[in-house]
Amino acid sequence: MLNTIKPKVTLVGAGPGDPDLLTLKGAKALAEANVVLHDALANEEILAYAPKNAIRIFVGKKIGNHAYTQDQINQLIVDNALTYGNVVRLKGGDPFIFGRGSEEIEFIESFGIETVVVPGISSVVAVPASLGISITKRGVSESFWAITGTTSDRKLSADVALAAQSSATVVILMGMHKLPQIIDLFQKEDKGDLPVAIIQNGTTSEEKVGVGTVNSILEIVKEKQLSSPAIIVLGEVVRESNKLKGFYEEFLSKEITR
């Protein structure tokens, strides 16, 4: 009997967390999956778009708990595509923004397997937007930096120091463990009064927000018990958000009473 399995891998961005922010194309790809290999998603409700009989394999990485190495993930994707045909590799946010999607694509294509990429809504833009923070705004910010807080060698990206010198909005992912270092770099540039927002579990029902300035944000993080996964937004645009006005009024009233 001829093997009629046609291997194919679709890399799907799951979006920032709210399952309604998965794209229609992503939902359609999941509906046709025989196997779904997924990260530690912000919302696992997204897996419900896959057929009930589809094989679901958790390959995610959480701090201190790596289920698989990247090499093992690459091999699992290929093995499952060759065995079962239609594989969806589901990654949080967008697979090509700090998601190692290009490495996975290169490995899969080296076996002659067809690949498709379905972009996801990146938390870089979506999480601030959900709180009314426009990371670019005419007359306030002409550009933005999107930086990973932790590089492959576990150090803070050198780009943060460069970003601190610019007038651009700075959005840092995976940076909570390096927050004191990040704050220090902005203080060195005399930006102690620059507004900062930290959004934990953005766009989900577990969302927590802390708002302040470069000089006060460490205290606010402690007070509100903010931790990973969170996005750090530094820039004047934070002050411009109508949705955060209440936070800012509360923060300023505390500053006055001190």
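Just so you know, these numbers come straight off a predicted model, no measurement behind them. Just so you know, residue 1 is the first one in the sequence shown, and it goes up from there.
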TODO: For the pair K222 and E219, find out whether any cationic side-chain nitrogen is under 4.0 Å from an anionic carboxylate oxygen.
DONE: no
Open item on the list: Please say yes or no: joined through hydrophobic side-chain contacts below 4.5 Å, possibly via intermediate residues, are L21 and L131 part of one cluster?
Closed with: no
Task: Atom NZ of K208: over 12 foreign heavy atoms under 6.0 Å - done: yes
Open item on the list: Under 4.5 Å between side-chain heavy atoms, counting indirect links through other Ile/Leu/Val/Met/Phe/Trp/Tyr residues: same cluster for I121 and I135 or not?
Closed with: no
TODO: Find out whether H177 and T150 are in side-chain contact, i.e. whether some heavy atom of one side chain is under 4.5 Å from a heavy atom of the other.
DONE: no
Task: Hphob cluster co-occupancy, V117 + V78, side-chain heavy atoms under 4.5 angstrom - done: no
Open item on the list: side chain to side chain contact (heavy atoms under 4.5 Å, CB included) for D193 and V214? Distances and angles first, verdict last.
Closed with: CA-CA 6 Å; D193 293 330; V214 164; over 6 Å; no
TODO: Decide, yes or no, whether a salt bridge links K137 with E236 under the criterion of side-chain N to carboxylate O below 4.0 Å.
DONE: no
- [ ] Assess whether side chain to side chain donor-acceptor pair (under 3.5 Å) is satisfied between D153 and T151, documenting all intermediate values.
- [x] CA-CA 5 Å; D153 60 2; T151 60; 2.4 Å; yes
- [ ] State yes or no: do L11 and L47 share one hydrophobic cluster built from I, L, V, M, F, W and Y residues joined by side-chain heavy-atom distances below 4.5 Å, directly or via other members?
- [x] no
TODO: Evaluate the side-chain proximity of W145 to T169: yes if any heavy-atom separation is below 4.5 Å, no if none is.
DONE: no
Open item on the list: Restricting to non-hydrogen atoms, name the atom on T10 and the atom on A29 that form the minimum distance, rounded to 0.1 Å.
Closed with: CG2-CB, 4.0 Å
Task: Stepwise side chain to side chain contact (heavy atoms under 4.5 Å, CB included) check, K6 with E114 - done: CA-CA 9 Å; K6 187 173 183 293; E114 180 191 354; 3.0 Å; yes
Task: ring pair (Phe, Tyr, Trp, His ring centres under 6.0 Å), paired with H38, selected from F58, Y49, Y68 - done: F58
Task: Short side-chain donor-acceptor distance under 3.5 Å, Q187 and N215 - done: yes
TODO: Report yes if the side chains of V171 and I231 come closer than 4.5 Å at any heavy-atom pair, otherwise no.
DONE: yes
TODO: Determine, stepwise, if the pair L82 / I113 fulfils side chain to side chain contact (heavy atoms under 4.5 Å, CB included).
DONE: CA-CA 8 Å; L82 294 171; I113 296 169; 4.1 Å; yes
TODO: Over all heavy atoms of both residues, which pair between T148 and F98 is shortest? Give the atoms and the distance, please.
DONE: N-CZ, 3.4 Å
Open item on the list: Tell me whether F96 at atom CZ has more than 12 heavy atoms from other residues, nucleotides or ligands lying less than 6.0 Å away.
Closed with: yes
- [ ] Report yes if some heavy atom in the side chain of L37 is under 4.5 Å from a heavy atom in the side chain of I57; otherwise report no.
- [x] yes
Open item on the list: Side chains of M176 and V221, heavy atoms from C-beta outward: is any pair under 4.5 Å?
Closed with: yes
Task: K91 with E104: basic N within carboxylate O range, under 4.0 Å - done: yes
Open item on the list: Whether the side chain of D94 engages the backbone of G120 through a donor-acceptor N/O pair (distance < 3.5 Å, no angle test) should be reported.
Closed with: yes
TODO: Locate the shortest heavy-atom distance separating S130 from E207; write the atom from each residue and the value.
DONE: OG-OE1, 4.1 Å
- [ ] Might you confirm whether atom CD of Q72 has over 12 heavy atoms from other residues, nucleotides or ligands at distances under 6.0 Å?
- [x] yes
Open item on the list: Testing the basics here: between A33 and V88, what is the closest heavy-atom pair and its distance to 0.1 Å?
Closed with: CB-CG2, 3.7 Å
Task: For the student: nearest non-hydrogen atoms of V127 and P16, plus distance - done: CG2-CB, 4.1 Å
- [ ] For the pair L22 and L30, evaluate side chain to side chain contact (heavy atoms under 4.5 Å, CB included) and give the outcome as yes or no after the intermediate values.
- [x] CA-CA 11 Å; L22 176 71; L30 278 166; 4.1 Å; yes
TODO: For residues I217 and L234, determine if any side-chain heavy atom of one lies less than 4.5 Å from a side-chain heavy atom of the other.
DONE: no
Task: Hydrophobic cluster membership, V238 vs L173, 4.5 Å side-chain cutoff - done: yes
Open item on the list: Ignoring hydrogens, what is the shortest heavy-atom contact between I220 and G212? Give both atom names and the distance.
Closed with: CD1-CA, 3.7 Å
Open item on the list: Side chains of N34 and V87, heavy atoms from C-beta outward: is any pair under 4.5 Å?
Closed with: no
TODO: Starting from the C-alpha separation in whole Å, work towards a yes-or-no answer on side chain to side chain donor-acceptor pair (under 3.5 Å) for D79 and Q75.
DONE: CA-CA 6 Å; D79 291 348; Q75 196 60 57; 3.1 Å; yes
- [ ] Indicate yes or no: at least one non-hydrogen side-chain atom of S227 is less than 4.5 angstrom from one of Q200.
- [x] yes
Open item on the list: Between K191 and G235 (side chain of the first, backbone of the second, donor and acceptor by atom type, cut-off under 3.5 Å), is there such a pair?
Closed with: no
